[in-house]
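Heads up: the structure comes next, in structure tokens.
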Amino acid sequence: MAKRFFAIAVLVGVFVSTAGMGRVPAGKVHIKTLKGRQYRLVVDGRPYVVKGVCYNPVPVGRSHDYDFWNDPAAPWLVDGALMQKMGVNTVRFYQPGDDLEATKRVVRILYEKFGIRTIMGHWLGFWNYPAPFYDDPAFRQKVKEDVLTMVKALKDEEGILFWCLGNENNYSFGGKINAWSSERIDRMKDPRQCLLTRAEVYYALVNDIARAIHEVDPEHPVAMGNGETVCLDVARENTPDVDILGVIMYRGKTFGNIFNSLRSTYDKPVVFVEFGADAYNAHEKREDEDMQAFFLKSQWSEILANVAGRDGGAGNCLGGVMFEWTDEWWKHNEWDAAAASRHDTESNWSNSSYYMDIKAERNMNMNEEWFGIVRLSQETESGADKRAPRKAYYEIRELWKGEKE
Amino acid sequence: MTHRCPSSTGMRRSVLGAAAALLFFALAGSAFAADAAGAVPLKDQAAVYFEARDHDGLYAYLSSLVEKGGADAAVYFYRALTRLEQIAHWKKSKDWESVYDIGPAYQEGISADLAKAEELAGEDDPVRFGIAFLRWRAAQEKEGADAYAAFDDVVAAGEKAAVSEEGLVLVKEKADEIRDLEDKNLSRRLYRVYLDHLAQSGMSAETIRKAADAFAQEGNLYLAKTMYNIFLERIEDDAVRARAMVEIAGRFAHPGDAEALDPVYAEELYQKATDAIGRQALDQDDVYRRAYNLERLKDYEAAAAAYEEWLAGYEAAPKESNASRRAEVLFREGVLTAYGLGDVGKAKAFFRDLITRFAGDPLVVSARYHLGLLAQWEEESDAAKEEYGAALAKAKELGVSEDSEIVALTKARLEELEEEKPLAYGLRLFFNGTFGKGEEPVPLNVDVTGRLPASAVGEDVRYAVTTSNPMTGCMTPDYAYEWSNEAGILKNVPNAAELTTDYEEPGLKVVFVAVIGTAGLEGTAFEIIQIK
């Protein structure tokens, strides 16, 4: 009798700790559901708050197609040391390199030398030319196989924290960017129906891949990189096997009510896999480290206030990965080779939440090449572009000091 | 010299540079006048050190005075200022290591020195305002949450200091210094202290108005508007106050050939004036100015109503001097009513009125052209041909050059009709979006603004399109921009959000733009520019 009660209690406990979430692996990295539906990331049995940076160390003069994994200057050595000094414990890569051995090497060095873990991402073919045909079975199969190849190659690396599928791919549902379709979607007259169908198609693919990852690698959770909260209502019904919501969010000073609103839209642990601020004031046309530091500090304060166990917070946040470690000089015009050697100050997009420079011409205030918390220069040091931490580096370092893991 | 940085409390602050810091020395009072030996005044000695950015040297010197004993409030005040300046200098030179590694210890020293200075200062000594200000600055430098509370102390100290004329000037100086803060409320709170004391000082309404004029002149619009409001409150007679409002509104409204000071404030005053005493508050010139201001604010409905009011006023009391303006107003009404409000029938009536009444005005050519365009869009080919033909005949009659843009555009449209070709692509997109064809028109979620809206022949006019931001994060949708109609001298109009051009002939020019995204037409917009 007692044994039966114990068995039932264990079963109920397992159910409670995983309810509403994907098939949470009880592996070395897993998510623990606490009292009050708070979520905690646990790594090797210890709580882990993600204090991360997006890491895409493309040198000055090179573009997005540069294979930095094989960079002879090994910038991760200088970056790793700087990150460690700051308190960074996680980097996020958007996609592994074609050379998975080189990728593995970088992941290992960052972990073994600096204790920095890796969130490894995958674009899920979002930048496929001419379009990511998510409604095409052959395309879906190819994407899935590609992700599983990555997982199989890297899953045994101690430095892997979790996997992150996609990055703002959901913004394509409205057909305004990276537009994709299929014959059946083309036949739909109602734009809203087109959008919802694209969302269902995409999220079903994400879930299929997440489930396959869990079969191959039960040791690491799977996150989904979603732009803002767009279409999370559709995702809720279609991604039961996703463990973490990786949200990409640029809301300026505050994330607003996201922590609480997720309870009713997509009640899973959230990691801000991209957020941040640029360091160029498009209105005053000058570098503005104060502006960047101000926004980042405010954003980090909210993230930390909402991790599990903090008074007054939602407790559903696992941490954040700020965008980004270094500036990337190629980003303004990736088709102009010469532009990669020029630190462009022309803005690419507008976001009124970053109100300090919103009065820029045509409200274009976001400078994609200036998001680094570390500035690059054309001078080199040990073969790599010289690094100069910006104010935000120190501001966040101070904020993290004394933070409990 | 100031530079700006934000704090965790959400404000951007102006940190005094060395030169600005010297303003404190003017604060004077005996406490600031001389060092303990009574020789060279401390402010002059400090100025030398600040000039050389020798913060450590000055600090050592001031510390030696403390060690000697008998140091007064000024010595401690300067010591705090020195360290504050040093931290500010590190920030300016991006020496973040020093800011974050050494700065915290210096901050403690600043607090201690300011406490000592306060202890030694007399109760009514204006240095107390300086101490409060430095304390706030220190809180700002630390980017701590206590900065707001510290500013309350600044305001309270300012209240006391403002009792004297010298103190009042100082309060304004400090308010000026922090005017560019992200949180403008801070400077405004100090300005409020300044204004309250000014208002209580028995200053005449006329003097307040002159001061407001001066602030408007120097670009301090907050202070100018607040003082104008105080001035207006002093006027008891409704009619006199309403006239004053309208006069002030005229200063803030869009002038056309320059940027407006504050067109929204102008409209607010126009509205208040008419609410108070009715339409008589505005004469014909004021009505025109208001209508134009509303047009520039893109409030097409209100602008059209105001222009209509002007036309009614003209009918009631025609003035020879306003006759040509009448043609202009009719044309603007036609354009706004057609493309802004979508009332084609009423727009045609305005254009026809212009054609009938002002046969000799070059705007007749443009009015005929727009009538032709509207007819062509409505697939009334014969009517369109007739209007275009009449436009060309009028152009010839008035001696408008064969090479002029309006003639070329008219000929192009006629050719389309004669060869049974569709309307030019850009125009077709604009009309599709503006009026819809079988579908709902696209909402006007696109804005185009031309600068300057009143320019001269050969002078650059720059149009810029602003679109609403769809939720696409950092991935900006690729838009195509189809400019059409009177795009000026450019032969190859760029497919870009900005268009810089100029015009060879004077007149009112109408530019159209249609914005197209991957999902289709995003929106349309138009702009009227006057070339003199």
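Throughout, a chain's letter reflects where its sequence line sits, starting with A, and its residues are numbered from 1.
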Against chain B, label [X] side chain, backbone, both or neither, depending on which of its atoms sit under 4.5 Å from a heavy atom there.
X        : result
A:Arg390 : backbone
A:Pro191 : neither
A:Glu368 : side chain
A:Glu395 : both
A:Tyr250 : neither
A:Arg251 : neither

Task: Other residues, nucleotides, ligands: >12 heavy atoms within 6.0 Å of B:Asp478 CG - done: no

Task: Interface residue of largest heavy-atom contact number with chain A, from B:Ala464, B:Gly473, B:Ala497, under 4.5 Å - done: B:Gly473

Open item on the list: Between A:Phe126 and B:Met475, is the side-chain contact (heavy atoms from CB on, under 4.5 Å) condition met? List the steps.
Closed with: CA-CA 12 Å; A:Phe126 193 48; B:Met475 291 180 285; 3.8 Å; yes

TODO: Could you grab the distance from atom OG1 of B:Thr467 to atom CZ of A:Arg362, nearest 0.5 Å is fine?
DONE: 7.0 Å

Task: Straight-line distance of B:Tyr100 OH to A:Lys401 NZ, nearest 0.5 Å - done: 11.0 Å

Open item on the list: Is B:Val465 close to chain A through its backbone or its side chain, or both, or neither, when contacts mean heavy atoms under 4.5 Å?
Closed with: backbone

- [ ] Heavy-atom distances under 4.5 Å only: say whether B:Glu97 touches chain A with side chain, backbone, both or neither.
- [x] both

Task: Among A:Met249, A:Glu274, A:Glu361, A:Glu228, residue most engaged with chain B (heavy-atom pairs, under 4.5 Å) - done: A:Glu361

Task: From A:Tyr171, A:Trp349, A:Phe371, residue fulfilling side-chain contact (heavy atoms from CB on, under 4.5 Å) relative to B:Cys474 - done: A:Trp349

